[in-house]
Amino acid sequence: MPPRNAADVERKIFLIATEESGDRLGANLMKVLRQRLGGAVRFEGVGGRAMTQEGLASLFPIEQLSIMGFAAVIKQLPRILRLIRLTAVIIDSPDFTHRVAKRVRARDATIPIVDYVSPSVWAWRPGRARAMRRYVDHVLGLLPFEPEAYRTLHGPPCSYVGHPLLEQIATLRPDTAEQQRRDQAPPVLLVLPGSRRSEIRHHMAVFGETLGRLQVEGVAFELILPTMPHLLEAVQAGVADWPVQPRVIVGEPEKKAAFRIAHAALVKSGTVTLELALAGVPMVAAYRAGSAEVWIALHLIRVSSVILANLVVGENVVPEFIQQDCTPEKLVPALHDVLNDSPQRRRQREAFARLDTVMSTGNQPPSVRAADIVLETMRKSRRPD
(Lines give C-alpha, C1' and ligand atoms only; values in the text may rest on other atoms or scores of the structure.)
Protein backbone atom coordinates (compact mmCIF):
# COMPACT_ATOMS: atom_id res chain seq x y z
CA MET A 1 0.00 0.00 0.00
CA PRO A 2 1.58 3.32 -1.03
CA PRO A 3 2.23 5.94 1.65
CA ARG A 4 -0.27 8.73 1.94
CA ASN A 5 0.62 12.19 0.68
CA ALA A 6 1.40 14.76 3.36
CA ALA A 7 -1.73 16.63 2.30
CA ASP A 8 -3.83 13.57 3.10
CA VAL A 9 -2.53 13.16 6.64
CA GLU A 10 -5.12 14.11 9.21
CA ARG A 11 -3.92 16.95 11.38
CA LYS A 12 -4.90 17.14 15.03
CA ILE A 13 -5.42 20.57 16.53
CA PHE A 14 -6.06 21.01 20.23
CA LEU A 15 -8.06 24.11 21.20
CA ILE A 16 -8.92 25.45 24.65
CA ALA A 17 -11.60 28.07 25.22
CA THR A 18 -13.24 28.49 28.60
CA GLU A 19 -15.52 31.48 28.03
CA GLU A 20 -18.51 31.98 25.75
CA SER A 21 -16.78 34.70 23.72
CA GLY A 22 -13.75 32.43 23.22
CA ASP A 23 -16.06 29.59 22.23
CA ARG A 24 -17.43 31.71 19.39
CA LEU A 25 -13.93 32.69 18.28
CA GLY A 26 -12.82 29.08 18.37
CA ALA A 27 -15.81 27.90 16.36
CA ASN A 28 -15.19 30.43 13.58
CA LEU A 29 -11.50 29.50 13.52
CA MET A 30 -12.33 25.80 13.28
CA LYS A 31 -14.69 26.40 10.38
CA VAL A 32 -11.98 28.14 8.32
CA LEU A 33 -9.30 25.61 9.27
CA ARG A 34 -11.52 22.80 8.03
CA GLN A 35 -12.04 24.65 4.75
CA ARG A 36 -8.30 25.25 4.39
CA LEU A 37 -7.36 21.64 5.20
CA GLY A 38 -10.06 20.06 3.10
CA GLY A 39 -11.51 18.19 6.04
CA ALA A 40 -8.22 16.45 6.92
CA VAL A 41 -8.27 17.77 10.47
CA ARG A 42 -9.49 16.60 13.85
CA PHE A 43 -10.26 18.97 16.70
CA GLU A 44 -9.93 18.07 20.34
CA GLY A 45 -9.84 20.15 23.50
CA VAL A 46 -12.14 22.19 25.70
CA GLY A 47 -14.96 24.34 24.36
CA GLY A 48 -18.64 25.13 24.44
CA ARG A 49 -21.66 24.64 22.24
CA ALA A 50 -20.37 26.58 19.24
CA MET A 51 -17.07 24.69 19.06
CA THR A 52 -18.81 21.37 19.66
CA GLN A 53 -21.13 22.08 16.73
CA GLU A 54 -18.04 22.61 14.56
CA GLY A 55 -16.74 19.16 15.49
CA LEU A 56 -14.74 19.66 18.70
CA ALA A 57 -14.52 16.57 20.88
CA SER A 58 -14.63 18.54 24.14
CA LEU A 59 -13.36 17.00 27.35
CA PHE A 60 -16.22 18.73 29.13
CA PRO A 61 -18.61 21.58 28.26
CA ILE A 62 -17.49 25.00 29.42
CA GLU A 63 -21.04 25.60 30.62
CA GLN A 64 -20.16 23.36 33.58
CA LEU A 65 -17.33 25.65 34.70
CA SER A 66 -19.64 27.77 36.82
CA ILE A 67 -20.44 24.58 38.75
CA MET A 68 -17.06 22.83 38.58
CA GLY A 69 -14.81 25.85 39.00
CA PHE A 70 -11.29 26.12 37.58
CA ALA A 71 -9.91 23.90 40.34
CA ALA A 72 -11.71 20.98 38.73
CA VAL A 73 -10.28 21.94 35.35
CA ILE A 74 -6.76 22.00 36.75
CA LYS A 75 -7.23 18.37 37.76
CA GLN A 76 -7.76 17.60 34.06
CA LEU A 77 -4.33 18.97 33.11
CA PRO A 78 -2.57 15.57 32.86
CA ARG A 79 -5.30 14.32 30.52
CA ILE A 80 -5.19 17.55 28.49
CA LEU A 81 -1.42 17.33 28.13
CA ARG A 82 -1.58 13.72 26.94
CA LEU A 83 -3.92 14.75 24.13
CA ILE A 84 -1.84 17.64 22.79
CA ARG A 85 0.42 16.16 20.14
CA LEU A 86 0.72 18.46 17.12
CA THR A 87 -0.71 21.98 17.50
CA ALA A 88 -2.31 23.89 20.38
CA VAL A 89 -4.47 27.01 20.14
CA ILE A 90 -5.23 28.65 23.46
CA ILE A 91 -8.12 31.14 23.66
CA ASP A 92 -8.97 33.51 26.52
CA SER A 93 -8.58 32.83 30.30
CA PRO A 94 -4.78 33.27 30.35
CA ASP A 95 -4.46 32.26 34.01
CA PHE A 96 -5.48 28.75 32.95
CA THR A 97 -4.59 28.45 29.27
CA HIS A 98 -1.07 29.81 29.75
CA ARG A 99 -0.50 27.22 32.45
CA VAL A 100 -1.37 24.57 29.88
CA ALA A 101 0.91 26.19 27.28
CA LYS A 102 3.89 26.28 29.65
CA ARG A 103 3.55 22.59 30.42
CA VAL A 104 3.14 21.66 26.77
CA ARG A 105 6.28 23.56 25.87
CA ALA A 106 8.23 21.99 28.73
CA ARG A 107 7.21 18.51 27.58
CA ASP A 108 7.75 19.00 23.84
CA ALA A 109 9.26 22.20 22.43
CA THR A 110 8.33 21.21 18.85
CA ILE A 111 4.57 21.57 19.38
CA PRO A 112 3.48 24.95 17.97
CA ILE A 113 1.39 27.05 20.33
CA VAL A 114 -0.79 29.94 19.16
CA ASP A 115 -2.47 32.34 21.59
CA TYR A 116 -5.75 33.68 20.20
CA VAL A 117 -6.77 36.79 22.23
CA SER A 118 -3.85 38.55 23.81
CA PRO A 119 -3.67 39.06 27.55
CA SER A 120 -3.79 42.77 28.37
CA VAL A 121 0.01 43.05 28.63
CA TRP A 122 -0.22 46.59 27.25
CA ALA A 123 -2.39 47.59 30.23
CA TRP A 124 -0.83 45.83 33.21
CA ARG A 125 1.83 43.26 34.12
CA PRO A 126 3.83 44.01 30.95
CA GLY A 127 6.52 41.51 31.93
CA ARG A 128 4.15 38.77 30.82
CA ALA A 129 4.89 39.62 27.18
CA ARG A 130 8.59 38.77 27.43
CA ALA A 131 7.80 35.65 29.48
CA MET A 132 5.38 34.45 26.77
CA ARG A 133 8.28 34.10 24.30
CA ARG A 134 9.24 30.89 26.10
CA TYR A 135 5.96 29.10 25.42
CA VAL A 136 3.95 30.96 22.73
CA ASP A 137 4.97 30.95 19.06
CA HIS A 138 2.47 33.52 17.81
CA VAL A 139 -0.17 35.82 19.31
CA LEU A 140 -3.33 36.65 17.38
CA GLY A 141 -4.30 40.16 18.45
CA LEU A 142 -7.86 41.45 18.35
CA LEU A 143 -6.83 45.09 18.70
CA PRO A 144 -4.82 47.08 16.15
CA PHE A 145 -2.27 48.43 18.64
CA GLU A 146 -1.30 45.03 20.04
CA PRO A 147 1.46 44.05 17.55
CA GLU A 148 3.40 47.24 18.35
CA ALA A 149 2.87 46.65 22.08
CA TYR A 150 4.42 43.18 21.78
CA ARG A 151 7.37 44.54 19.81
CA THR A 152 7.97 47.22 22.42
CA LEU A 153 7.68 44.72 25.27
CA HIS A 154 9.89 42.13 23.51
CA GLY A 155 7.17 39.51 23.40
CA PRO A 156 6.49 36.77 20.83
CA PRO A 157 5.41 37.66 17.29
CA CYS A 158 1.95 39.21 17.27
CA SER A 159 -0.34 39.82 14.30
CA TYR A 160 -3.50 41.88 14.26
CA VAL A 161 -6.23 39.63 12.90
CA GLY A 162 -9.20 41.85 13.70
CA HIS A 163 -11.85 41.98 16.38
CA PRO A 164 -14.85 39.64 16.00
CA LEU A 165 -17.12 42.68 16.23
CA LEU A 166 -15.95 43.59 12.72
CA GLU A 167 -17.96 40.64 11.42
CA GLN A 168 -21.07 42.03 13.14
CA ILE A 169 -20.98 45.64 11.94
CA ALA A 170 -23.99 45.21 9.65
CA THR A 171 -26.08 44.16 12.66
CA LEU A 172 -24.95 47.16 14.72
CA ARG A 173 -25.59 50.02 12.31
CA PRO A 174 -29.03 51.44 11.53
CA ASP A 175 -30.96 51.32 8.31
CA THR A 176 -32.91 54.39 7.18
CA ALA A 177 -35.91 53.79 9.42
CA GLU A 178 -33.75 53.00 12.43
CA GLN A 179 -31.66 56.12 11.85
CA GLN A 180 -34.86 58.16 11.85
CA ARG A 181 -35.79 56.70 15.24
CA ARG A 182 -32.25 57.36 16.51
CA ASP A 183 -32.70 61.04 15.63
CA GLN A 184 -36.27 61.40 16.94
CA ALA A 185 -37.50 62.55 20.35
CA PRO A 186 -37.58 61.26 22.96
CA PRO A 187 -34.06 59.91 22.44
CA VAL A 188 -33.43 56.25 23.15
CA LEU A 189 -30.99 55.98 26.06
CA LEU A 190 -29.39 52.59 26.65
CA VAL A 191 -28.23 51.55 30.10
CA LEU A 192 -25.74 48.67 30.26
CA PRO A 193 -24.72 47.83 33.83
CA GLY A 194 -22.48 44.85 33.04
CA SER A 195 -22.35 41.27 31.80
CA ARG A 196 -21.63 39.62 35.16
CA ARG A 197 -23.74 39.46 38.31
CA SER A 198 -21.00 41.15 40.33
CA GLU A 199 -20.91 44.05 37.85
CA ILE A 200 -24.67 44.43 37.99
CA ARG A 201 -24.50 44.47 41.78
CA HIS A 202 -21.89 47.25 41.75
CA HIS A 203 -23.62 49.50 39.20
CA MET A 204 -27.39 49.19 39.54
CA ALA A 205 -27.92 51.58 42.46
CA VAL A 206 -25.79 54.44 41.11
CA PHE A 207 -27.16 54.03 37.59
CA GLY A 208 -30.74 54.06 38.89
CA GLU A 209 -30.19 57.17 40.98
CA THR A 210 -28.46 58.91 38.06
CA LEU A 211 -31.34 58.22 35.69
CA GLY A 212 -33.86 59.33 38.30
CA ARG A 213 -32.09 62.67 38.70
CA LEU A 214 -31.92 63.08 34.94
CA GLN A 215 -35.69 62.65 34.74
CA VAL A 216 -36.31 65.06 37.63
CA GLU A 217 -34.30 67.68 35.74
CA GLY A 218 -36.85 67.44 32.95
CA VAL A 219 -34.82 65.39 30.46
CA ALA A 220 -37.07 63.18 28.34
CA PHE A 221 -35.75 59.82 27.18
CA GLU A 222 -36.85 56.30 26.36
CA LEU A 223 -34.83 53.95 28.57
CA ILE A 224 -33.84 50.49 27.33
CA LEU A 225 -31.76 47.96 29.27
CA PRO A 226 -30.47 45.03 27.18
CA THR A 227 -29.43 41.89 29.03
CA MET A 228 -28.99 38.13 28.63
CA PRO A 229 -31.27 35.33 29.90
CA HIS A 230 -28.94 34.20 32.69
CA LEU A 231 -28.79 37.76 34.08
CA LEU A 232 -32.47 38.63 33.77
CA GLU A 233 -33.37 37.81 37.37
CA ALA A 234 -30.51 39.92 38.75
CA VAL A 235 -31.42 42.81 36.44
CA GLN A 236 -35.11 42.70 37.36
CA ALA A 237 -34.22 42.76 41.05
CA GLY A 238 -31.82 45.63 40.49
CA VAL A 239 -34.27 47.89 38.64
CA ALA A 240 -37.22 47.16 40.94
CA ASP A 241 -36.73 50.34 42.95
CA TRP A 242 -35.45 52.58 40.15
CA PRO A 243 -37.41 55.84 39.97
CA VAL A 244 -37.57 55.47 36.18
CA GLN A 245 -38.27 52.00 34.82
CA PRO A 246 -36.42 50.77 31.75
CA ARG A 247 -37.76 48.50 29.07
CA VAL A 248 -35.74 45.35 29.70
CA ILE A 249 -34.96 43.36 26.55
CA VAL A 250 -33.36 39.92 26.51
CA GLY A 251 -31.04 38.32 23.96
CA GLU A 252 -28.27 39.25 21.53
CA PRO A 253 -30.49 40.09 18.50
CA GLU A 254 -32.66 42.31 20.69
CA LYS A 255 -29.58 44.07 22.06
CA LYS A 256 -28.26 44.83 18.58
CA ALA A 257 -31.67 46.12 17.50
CA ALA A 258 -31.57 48.51 20.46
CA PHE A 259 -28.06 49.64 19.50
CA ARG A 260 -29.32 50.54 16.03
CA ILE A 261 -31.88 53.02 17.37
CA ALA A 262 -29.95 54.30 20.39
CA HIS A 263 -29.11 57.98 20.68
CA ALA A 264 -26.78 57.63 23.69
CA ALA A 265 -25.76 55.16 26.40
CA LEU A 266 -24.74 54.90 30.04
CA VAL A 267 -22.45 51.90 30.16
CA LYS A 268 -20.19 49.92 32.45
CA SER A 269 -16.66 49.94 31.05
CA GLY A 270 -15.77 46.88 28.95
CA THR A 271 -15.86 45.47 25.43
CA VAL A 272 -19.37 46.87 25.04
CA THR A 273 -17.86 50.38 24.74
CA LEU A 274 -16.17 49.29 21.50
CA GLU A 275 -19.43 47.70 20.34
CA LEU A 276 -21.29 50.96 20.96
CA ALA A 277 -18.55 52.95 19.25
CA LEU A 278 -18.79 50.78 16.13
CA ALA A 279 -22.56 51.32 16.23
CA GLY A 280 -21.93 55.08 16.38
CA VAL A 281 -23.58 55.58 19.78
CA PRO A 282 -22.07 58.32 22.03
CA MET A 283 -21.75 57.21 25.64
CA VAL A 284 -20.76 57.83 29.22
CA ALA A 285 -18.71 55.03 30.76
CA ALA A 286 -18.48 54.15 34.44
CA TYR A 287 -16.85 51.51 36.56
CA ARG A 288 -17.23 50.40 40.15
CA ALA A 289 -15.58 47.29 41.56
CA GLY A 290 -14.35 45.54 44.69
CA SER A 291 -11.32 46.76 46.60
CA ALA A 292 -8.86 44.30 44.98
CA GLU A 293 -9.89 45.27 41.44
CA VAL A 294 -9.68 48.95 42.34
CA TRP A 295 -6.16 48.51 43.74
CA ILE A 296 -5.09 46.92 40.44
CA ALA A 297 -6.69 49.74 38.46
CA LEU A 298 -5.01 52.43 40.55
CA HIS A 299 -1.56 50.89 40.92
CA LEU A 300 -0.90 48.53 38.01
CA ILE A 301 -2.79 49.86 34.97
CA ARG A 302 -0.33 51.47 32.55
CA VAL A 303 -2.70 52.99 29.97
CA SER A 304 -4.27 56.43 29.85
CA SER A 305 -7.83 55.07 29.81
CA VAL A 306 -9.63 51.90 30.85
CA ILE A 307 -12.22 52.44 28.11
CA LEU A 308 -11.57 50.07 25.22
CA ALA A 309 -13.19 52.42 22.72
CA ASN A 310 -10.75 55.18 23.75
CA LEU A 311 -7.74 52.88 23.43
CA VAL A 312 -8.67 51.76 19.92
CA VAL A 313 -9.52 55.28 18.72
CA GLY A 314 -6.29 56.54 20.26
CA GLU A 315 -8.00 59.46 21.96
CA ASN A 316 -9.89 59.80 25.25
CA VAL A 317 -13.21 60.85 23.76
CA VAL A 318 -15.48 58.77 26.02
CA PRO A 319 -15.70 60.26 29.52
CA GLU A 320 -14.96 57.69 32.22
CA PHE A 321 -16.01 57.79 35.84
CA ILE A 322 -14.14 55.24 37.93
CA GLN A 323 -14.94 54.20 41.50
CA GLN A 324 -15.17 57.36 43.66
CA ASP A 325 -15.96 59.40 40.53
CA CYS A 326 -18.83 57.10 39.62
CA THR A 327 -21.54 59.23 41.25
CA PRO A 328 -24.85 60.72 40.08
CA GLU A 329 -23.38 64.20 40.60
CA LYS A 330 -20.80 63.52 37.88
CA LEU A 331 -22.75 61.14 35.64
CA VAL A 332 -25.79 63.40 35.16
CA PRO A 333 -23.92 66.34 33.54
CA ALA A 334 -22.00 63.93 31.33
CA LEU A 335 -25.27 62.37 30.15
CA HIS A 336 -26.62 65.82 29.34
CA ASP A 337 -23.64 66.25 27.02
CA VAL A 338 -24.16 63.04 25.05
CA LEU A 339 -27.94 63.40 24.84
CA ASN A 340 -27.69 66.92 23.40
CA ASP A 341 -25.87 68.25 20.35
CA SER A 342 -22.84 69.23 22.40
CA PRO A 343 -19.13 69.44 21.47
CA GLN A 344 -18.63 66.28 23.55
CA ARG A 345 -21.21 64.35 21.53
CA ARG A 346 -19.84 65.61 18.21
CA ARG A 347 -16.28 64.73 19.24
CA GLN A 348 -17.27 61.14 20.01
CA ARG A 349 -19.14 60.71 16.73
CA GLU A 350 -16.21 62.05 14.73
CA ALA A 351 -13.80 59.69 16.50
CA PHE A 352 -16.08 56.67 16.07
CA ALA A 353 -16.31 57.40 12.35
CA ARG A 354 -12.57 56.66 12.11
CA LEU A 355 -12.90 53.15 13.53
CA ASP A 356 -13.51 51.46 10.20
CA THR A 357 -10.11 52.68 9.04
CA VAL A 358 -8.32 52.09 12.35
CA MET A 359 -9.63 48.52 12.68
CA SER A 360 -9.53 47.55 9.03
CA THR A 361 -8.38 44.05 8.10
CA GLY A 362 -8.68 44.62 4.38
CA ASN A 363 -11.05 42.18 2.77
CA GLN A 364 -10.27 39.29 5.12
CA PRO A 365 -12.56 38.43 8.04
CA PRO A 366 -10.74 37.99 11.38
CA SER A 367 -11.33 34.22 11.43
CA VAL A 368 -9.68 33.84 8.02
CA ARG A 369 -6.62 35.86 9.03
CA ALA A 370 -6.38 33.86 12.26
CA ALA A 371 -6.63 30.50 10.47
CA ASP A 372 -3.94 31.43 7.96
CA ILE A 373 -1.51 32.33 10.76
CA VAL A 374 -2.28 29.11 12.65
CA LEU A 375 -1.52 27.10 9.49
CA GLU A 376 1.66 29.06 8.81
CA THR A 377 2.80 28.47 12.40
CA MET A 378 2.13 24.77 11.96
CA ARG A 379 4.22 24.70 8.77
CA LYS A 380 7.12 26.44 10.51
CA SER A 381 7.14 23.98 13.40
CA ARG A 382 10.02 21.56 13.58
CA ARG A 383 7.75 18.57 13.85
CA PRO A 384 6.61 17.07 10.52
CA ASP A 385 2.92 16.30 10.04
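Computed from a predicted structure; not experimentally measured.
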Check salt bridge (charged side-chain N to carboxylate O under 4.0 Å, His left out) between [X] and all other residues, then give those that pass, not counting sequence neighbours.
X	value
Arg134	none
Arg213	Glu209, Glu329
Asp92	none

- Item | Spatial distance of atom CG (Leu29) from atom CG (Leu140) [nearest 0.5 Å] | 7.5 Å
- Under a single-linkage rule joining Ile, Leu, Val, Met, Phe, Trp and Tyr whose side-chain heavy atoms are separated by less than 4.5 Å, which residues share a cluster with Val32?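 Reading the cluster by chain and number, Val32 sits alongside Val368.
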- Given side chain to side chain donor-acceptor pair (under 3.5 Å), test Asp108 with Thr110 step by step and report yes or no. CA-CA 5 Å; Asp108 188 340; Thr110 69; 2.6 Å; yes
- Query: Name the one of Ile16, Leu15, Leu25 that satisfies side-chain contact (heavy atoms from CB on, under 4.5 Å) with Met51?
  - Reply: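 It is Leu15; the other options fail the test.
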Counting only pairs under 3.5 Å, give me each side-chain donor-acceptor contact of residues 214-225, with atom names and distances, residues two or more places apart or in other chains.
{"residue": "Glu217", "atom": "OE1", "partner": "His336", "partner atom": "NE2", "Å": "2.6"}
{"residue": "Glu222", "atom": "OE1", "partner": "Arg181", "partner atom": "NH2", "Å": "2.8"}
{"residue": "Glu222", "atom": "OE2", "partner": "Arg247", "partner atom": "NH2", "Å": "3.1"}

Side-chain atoms of residues 370-378: list all donor-acceptor pairs with protein atoms under 3.5 Å, sequence neighbours left out, distances to 0.1 Å.
{"residue": "Asp372", "atom": "OD1", "partner": "Arg36", "partner atom": "NE", "Å": "2.8"}
{"residue": "Asp372", "atom": "OD1", "partner": "Arg36", "partner atom": "NH2", "Å": "3.2"}
{"residue": "Asp372", "atom": "OD2", "partner": "Arg36", "partner atom": "NH2", "Å": "3.4"}
{"residue": "Asp372", "atom": "OD2", "partner": "Gln364", "partner atom": "NE2", "Å": "3.4"}
{"residue": "Glu376", "atom": "OE1", "partner": "Arg379", "partner atom": "NE", "Å": "3.4"}
{"residue": "Glu376", "atom": "OE1", "partner": "Arg379", "partner atom": "NH2", "Å": "3.2"}
{"residue": "Thr377", "atom": "OG1", "partner": "Ile373", "partner atom": "O", "Å": "2.8"}

Can you give me every donor-acceptor pair (side chain of residues 153-167, partner residue at least two apart or in another chain, under 3.5 Å) with its distance?
{"residue": "Ser159", "atom": "OG", "partner": "His138", "partner atom": "NE2", "Å": "2.8"}
{"residue": "Tyr160", "atom": "OH", "partner": "Met359", "partner atom": "O", "Å": "2.7"}
{"residue": "His163", "atom": "ND1", "partner": "Leu165", "partner atom": "N", "Å": "3.1"}

- Task: State plainly whether the residues Arg24 and Glu20 are in salt-bridge range, i.e. N to O under 4.0 Å.
- Result: yes
- Applying ring-ring contact (aromatic ring centres under 6.0 Å, His included), name anything that partners Phe207, two or more places apart in sequence or on another chain.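 Phe207 satisfies ring-ring contact (aromatic ring centres under 6.0 Å, His included) with His203 once adjacent residues are dropped.
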- Task: Consider only side-chain N and O atoms of Thr176 and Gln180, and report whether a donor and an acceptor are under 3.5 Å apart.
- Result: no
Let me check something: any side-chain donor-acceptor pairs from residues 238-245 under 3.5 Å, sequence neighbours excluded? List them with distances.
{"residue": "Trp242", "atom": "NE1", "partner": "Met204", "partner atom": "O", "Å": "3.0"}
{"residue": "Trp242", "atom": "NE1", "partner": "Gly238", "partner atom": "O", "Å": "3.3"}
{"residue": "Gln245", "atom": "NE2", "partner": "Val239", "partner atom": "O", "Å": "2.6"}
{"residue": "Gln245", "atom": "NE2", "partner": "Trp242", "partner atom": "O", "Å": "3.1"}

- Item | Stepwise side chain to side chain donor-acceptor pair (under 3.5 Å) test for Asp175 and Gln179 | CA-CA 6 Å; Asp175 59 22; Gln179 184 63 50; over 6 Å; no
- Message: Under the salt bridge (Lys or Arg N to Asp or Glu O under 4.0 Å) definition, can you give me all pairs with a residue in residues 355-367, not counting sequence neighbours?
- Response: Arg173-Asp356
- Task: List the steps, then state whether side chain to side chain donor-acceptor pair (under 3.5 Å) holds for His263 with Asp183.
- Result: CA-CA 7 Å; His263 187 78; Asp183 296 334; 5.1 Å; no
- Query: Listed by chain and number, what are the side-chain contact (heavy atoms from CB on, under 4.5 Å) partners of Asn363, not counting sequence neighbours?
  - Reply: none
- Between Arg347 and Glu350, does a salt bridge (charged side-chain N to carboxylate O under 4.0 Å, His left out) hold up when you go through it step by step? CA-CA 5 Å; Arg347 185 181 174 212; Glu350 289 167 3; over 6 Å; no
Would you tabulate the side-chain donor-acceptor contacts of residues 275-283 under 3.5 Å, counting partners in other chains and residues two or more places apart, or write 'none'?
{"residue": "Glu275", "atom": "OE1", "partner": "Lys255", "partner atom": "NZ", "Å": "3.0"}
{"residue": "Glu275", "atom": "OE2", "partner": "Lys255", "partner atom": "NZ", "Å": "3.1"}

